[in-house]
Amino acid sequence: MKVLCVGNQKGGVSKTTTSLNLCYSLAKTYNQKVLLIDMDSQGSASLNLQIDVASEDVHTIDELLEPIVLRKQATVTWDALKECIYTPTFTDRVRDDDDRMKWKQVNTPFGFDLIPASLYLSIVEMRMGIAAGQFYKGTINQFYLRETIIQTLRENSDYDFVVIDTPPSLGALSVNSMAAAEDGVIIVSNLDVMSTRGIESFIESTQMVQMANPSHRGILGILFALYSDRRQVDRQVDNWAKQFLPIPVFDTRIPETANVKKANSSKFLVSQIDKKMKAAYDAFAYEVLYATEHPDEPIGNAKTEVIEEADQQTSESE
Ligand SMILES: Nc1ncnc2c1ncn2[C@@H]1O[C@H](COP(=O)(O)OP(=O)(O)OP(=O)(O)O)[C@@H](O)[C@H]1O
Ligand SMILES: [Mg+2]
C-alpha cells in the first residue's frame, strides 16, 4: 500500500481537484485500488463526491481521530474504520434494458473510496494542542494518522494507493498527513511567483518529517496546475522552477479551464467531462505510478507511449 499526500500551505491552488482526479485516474485508467482520505475540515473533497458530511448519519475521520488525540484509545479498530469508508457515486444516464427508447438514472461509483471529513476536524486539530510553530520546537505529534488509521489500513485492507488531501496550512493536520505519506508528498502549485516561493517552508516541514523517519520518501515532486502556456508569466515561472527549485518538477502541466467549475456544479469530476483534462491527469497519474515504482529514478523518466497517447487524445478533442 503506497501512501501519498497532496499539499501546499497556500489556498486555492488546486490541491483538492488534483487529489480527486489523481484518484480517479489511478483507479479508472490504471486499475488501482484507491482510497482518498479527506484531511481538510472544509471537507471539499467529500462534498465534491456528494457525501453529506453535515448529516449525523455520515461517519467522518474526525470521529476516528478524536479519541486518539484525547488518549481515550490507542488505536483505530478495523470495524470502526470500515464505518468511515464510503464508495462515492455519480448519477449516470443509461438506456433502460426493458425499453431501449427510454433512459434511466443509475448511481455509478467513481471507482475509488473515501474517508470523509467534517468541520469538526478543525476542533480535533485544535485538540491536537498544536500551533504550527510548535512543530519547529519538536513538540508536535506527527504520527496520529500514520500510527492509527494508516496502520490499520495496512493490516486489513488491500488498497494499492491511499491519497490524502490536506488543508491550506502547515498545522497539525498537514504535518500528520505529510508524516503518513511515506511514499511521497506531492506539492501542487499555480505559477504565481509568490506561491512557488512560499513553498519553501512547506519543503522545510517535509524535511523535518523525513528526519523523524528515514524511510520517508520526502517530496515526490511539484505539480503545476492552473497552467496556461499563453500566459508569459507561467512560462517564465515554469523555467525558473525547473532551474532553481530544489525539488523535482512533474512533466505534466494541468491546464486552467472553466470546465473544473462546470464539473463541480454538475457533480462530476473534470476528467469525466473534459478529454484534455482527463489526458493531463492520466499523464500525471502515470508519472506518480512510475515514481512510486522506481524510487531511485528522477521524476521525468516516465516518458512513454502512455503520455504520447494522452497527447493524441488531447489533439483529437480540440
Ligand atoms: N485546473 C483548473 N482550472 C480552473 N479552475 C480550477 C482548476 N483547478 C481548480 N480550480 C478552481 O480553483 C478553486 C480551488 O480549487 P481547489 O479546491 O482544488 O483548490 P485547493 O487548493 O484544494 O483549495 P483549498 O486551499 O481551499 O483547499 C476551485 O474553485 C476550483 O474550481
Ligand atoms: Mg482543498
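Start at 1 and go down the list; that is how both ligands and their atoms are numbered.
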Subject >> Nearest non-hydrogen partners of L4 and A181, listed with the distance >> reply: C-CB, 3.6 Å

Original post:
Does D99 CG have over 12 foreign heavy atoms under 6.0 Å away?
Top reply: yes

Original post:
Shared ILVMFWY cluster between I187 and Y227, side chains joined below 4.5 angstrom?
Top reply: yes

**OP:** Please find out if the Mg ion (ligand 2) and some N, O or S atom of S19 are separated by less than 2.8 Å.
**Re:** no

Original post:
Given E182, which of K2, M1, R217, H216 fulfils the side chain to side chain contact (heavy atoms under 4.5 Å, CB included) condition?
Top reply: H216

Subject >> ligand 1: protein residues within heavy-atom distance under 4.0 Å >> reply: G11, G12, V13, S14, K15, T16, T17, D40, Q42, P168, L226, P255, E256, T257, V260, K261, N264, M277

Subject >> D40/K15 salt bridge by N-O under 4.0 Å criterion >> reply: no

Original post:
Any salt bridge between D238 and R235, counting N to O under 4.0 Å?
Top reply: no

